[in-house]
**Student:** 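One structure coming up, written as structure tokens, with questions to follow.
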Amino acid sequence: MVLGAAGAAVLAFDVGGTDMKVGLVDAQGNVLGLRRVSTPRDPHRPADAILDRVAELARELEAEFPAHPVRAAGVIVPGIVDPESGVGLYSANLGWRNYPFTAEAERRLGVPVAFDHDVRSAAAVEHHYGGSREFDDVVVMVVGTGIAAAVFSGGKAVSAGGFAGELGHAQVPDPDGNGTTILEAVGSAGAVAKRYTAHSGTPVAGARDVLERARTGEELAARIWADAVDALAFSICQCVSIIGTEAVVIGGGLAEAGEELLEPLRKRVDSMLDFHRRPVILRAQLGQDAGLLGAALNARALLAETPDAGTPAGTDGAA
């Protein structure tokens with residue numbers, strides 16, 4: 001796997017709720033020592049436990065690849081993240097609040113650290129190198145167990161102190177007739193399976209099973225799938241109306257349905273919009289490693305801003 005950017009060697013850490021992806025990206029952009037490990041869980045010191053493991057993995061990679069001295073690192077995490085202050089404001093799944101990730105990671109690693117949100121970082125890679133790269137106003141939606149998103153306006157990522165892009169919690173009409181609910185409760189892969197089970201009394205392994213049943217003509221499965229499409233379309237139309245979105249990139253587990261999701265989604269968006277321009281709706285192209293590549297690019301960007309800051313401790317800065 002090759003990252004399309006050259007520069008100094010950097011470490012990349014993509015921290016997820018279940019596992020972490022880790023790699024060293026060399027000066028030519030090759031990802032070395034790529035590995036996946038379980039995300040440590042400690043209810044008393046959740047973020048510290050993760051960064052302790054990050055430090056261990058950094059030492060392993062640096063020992064494995066001594067010819068590639070590391071100048072910086074990128075760490076990305078889920079939840080509400082403020083990259084400007086370097087603080088993880090809140091993670092419902094991993095359990096921290098107001099944790100100073102940048103300062104603590106730099107203390108452990110001894111190099112400058114670029115800290116950011118996992119989906120926003122993965123979306124930046126998708127936006128700059130994937131199918132939406134020709135557009136300036138883009139929403140990248142990761143539709144899996146939940147829904148997360150990143151927003152680009154005028155070609156720049158919108159952070160809003162870490163609160164931008166929380167589309168999973170945007171209000172949508174409740175197809176069960178209870179007024180409104182959140183998008184994640186209807187349009188996510190997790191919701192498709194959960195709602196089908198609740199309405200049918202038959203447990204399913206996931207959204208893929210519901211789609212398979214819809215393919216056979218089962219009315220309930222088709223309705224649950226259509227409800228998800230409607231909810232996603234509603235939120236996309238809100239984005240188009242409010243921020244003029246030109247392109248929407250769909251990633252995550254639900255995107256594995258391909259055109260069986262995207263084609264009805266395009267038609268539903270078209271039917272909902274009035275005079276607005278119709279956004280191009282695309283499937284994400286860069287897959288499961290986009291977050292890791294985003295972390296590496298964040299680190300490279302940090303070095304571009306402060307080129308002397310990445311000199312490893314104990315050297316005189318000579319190349």
Side-chain angles (χ1 to χ4, degrees), residues 3-16 20-27 29-34 39 47-48 50-55 57-59 61-62 68-89 91 94 96 98-129 140 148 150-152 155-162 164-165 286 289-313:
L3 175 61
V10 298
L11 290 165
F13 301 91
D14 179 2
V15 178
M20 299 193 298
K21 294 176 184 173
V22 182
L24 185 148
V25 183
D26 70 12
N30 302 298
V31 181
L32 309 175
L34 178 64
T39 301
D48 285 308
I50 287 169
L51 288 185
D52 288 346
R53 184 69 174 120
V54 161
L57 292 164
R59 289 192 292 269
L61 286 168
E62 291 179 282
H68 303 283
V70 170
R71 299 296 201 270
V75 177
I76 62 174
V77 302
I80 307 241
V81 168
D82 184 357
E84 298 301 321
S85 66
V87 173
L89 299 176
S91 172
L94 291 173
W96 60 71
N98 300 317
Y99 184 85
F101 267 95
T102 298
E104 289 296 323
E106 288 182 344
R107 182 175 67 81
R108 287 169 170 82
L109 298 178
V111 295
V113 172
F115 172 66
D116 211 333
H117 187 259
D118 56 350
V119 171
R120 187 160 54 239
S121 298
V125 175
E126 186 67 46
H127 176 45
H128 291 299
Y129 297 100
V140 180
V151 177
F152 297 87
K156 297 181 179 179
V158 178
S159 171
L286 299 181
D289 292 323
L292 188 74
L293 303 185
L297 285 180
N298 292 344
R300 288 275 173 79
L302 182 65
L303 289 182
E305 295 169 4
T306 55
D308 296 330
T311 303

**Student:** Return the set of residues passing side-chain hydrogen bond (donor to acceptor under 3.5 Å, both in side chains) with N98 (not counting sequence neighbours), or none when no residue passes.
**Tutor:**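 Listed in chain order: nothing, the list is empty.
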**Student:** Is the shortest side-chain heavy-atom distance between V113 and L109 below 4.5 Å?
**Tutor:**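 With C-beta onward as the side chain, the pair touches.
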**Student:** Which word best sums up how the rings of F152 and H128 line up, parallel for under 30°, tilted for 30 to 60°, or perpendicular for over 60°?
**Tutor:**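 Ring orientation, 0 to 90° scale: perpendicular.
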**Student:** Apply side-chain hydrogen bond (donor to acceptor under 3.5 Å, both in side chains) to R59 and list each qualifying residue two or more places apart in sequence or on a separate chain.
**Tutor:**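 So R59 forms no side-chain hydrogen bond (donor to acceptor under 3.5 Å, both in side chains) with any residue.
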**Student:** What I'd like to find out is whether the side chain of L51 reaches to under 4.5 Å of the side chain of R107, using heavy atoms alone.
**Tutor:**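 No, too far: nothing below the 4.5 Å cut-off.
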**Student:** To the nearest 0.5 Å, what is the distance between CZ on R120 and OG on S159?
**Tutor:**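 Those atoms lie 4.0 Å apart.
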**Student:** Nearest 0.5 Å please: distance from the NZ atom of K21 over to the CD1 atom of I76.
**Tutor:**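 One finds 9.5 Å between NZ of K21 and CD1 of I76.
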**Student:** Is the closest side-chain heavy-atom distance between L297 and V125 below 4.5 Å?
**Tutor:**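 Answer yes - side chains close enough.
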**Student:** Hey, does the side chain of N30 reach the backbone of L32 with a donor-acceptor pair shorter than 3.5 angstrom?
**Tutor:**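 A pair under 3.5 Å: no.
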**Student:** Judged by atom type as modelled, is there a donor-acceptor pair below 3.5 Å linking the side chain of T39 to the main-chain atoms of G16?
**Tutor:**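 The answer is yes, because a donor-acceptor pair under 3.5 Å joins these two groups.
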**Student:** Just wondering, do V75 and D116 contact through their side chains at under 4.5 Å, heavy atoms?
**Tutor:**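 They are not in contact (no side-chain heavy atoms under 4.5 Å apart), so the answer is no.
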**Student:** For the residue pair V25 and H68, establish whether any side-chain heavy-atom pair is separated by less than 4.5 Å.
**Tutor:**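 They are not in contact (no side-chain heavy atoms under 4.5 Å apart), so the answer is no.
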**Student:** Can you tell me how far the CG atom of L292 sits from the CG atom of L286, to the nearest 0.5 Å?
**Tutor:**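 Rounded to the nearest 0.5 Å, the CG-CG separation comes out at 12.5 Å.
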**Student:** What I'd like to find out is whether the side chain of H117 reaches to under 4.5 Å of the side chain of P83, using heavy atoms alone.
**Tutor:**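 A side-chain contact is absent here, since even the closest heavy-atom pair is not under 4.5 Å.
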**Student:** Begin from the C-alpha positions of R300 and V10 and carry the test side chain to side chain contact (heavy atoms under 4.5 Å, CB included) through to its verdict.
**Tutor:** CA-CA 7 Å; R300 288 275 173 79; V10 298; 4.1 Å; yes
**Student:** Going by heavy atoms in the side chains, are D118 and V77 under 4.5 Å from each other?
**Tutor:**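 Heavy-atom side-chain distance check fails, nothing below 4.5 Å.
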**Student:** Looking at residues at least two apart in the chain, or sitting in another chain, which of them share a side-chain hydrogen bond (donor to acceptor under 3.5 Å, both in side chains) with R108?
**Tutor:**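 So R108 forms a side-chain hydrogen bond (donor to acceptor under 3.5 Å, both in side chains) with D48, D52, E104.
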**Student:** Heavy atoms, side chains only, cut-off 4.5 Å: are V31 and L293 in contact?
**Tutor:**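 Contact flag for V31/L293 side chains = yes.
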**Student:** Any donor-acceptor pair under 3.5 Å linking the side chain of E106 with the backbone of P112?
**Tutor:**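 Flag not set: sc E106 to bb P112 has no pair under 3.5 Å.
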**Student:** To the nearest 0.5 Å, what is the distance between CZ (F115) and OH (Y99)?
**Tutor:**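 Reported value, rounded in 0.5 Å steps: 10.0 Å.
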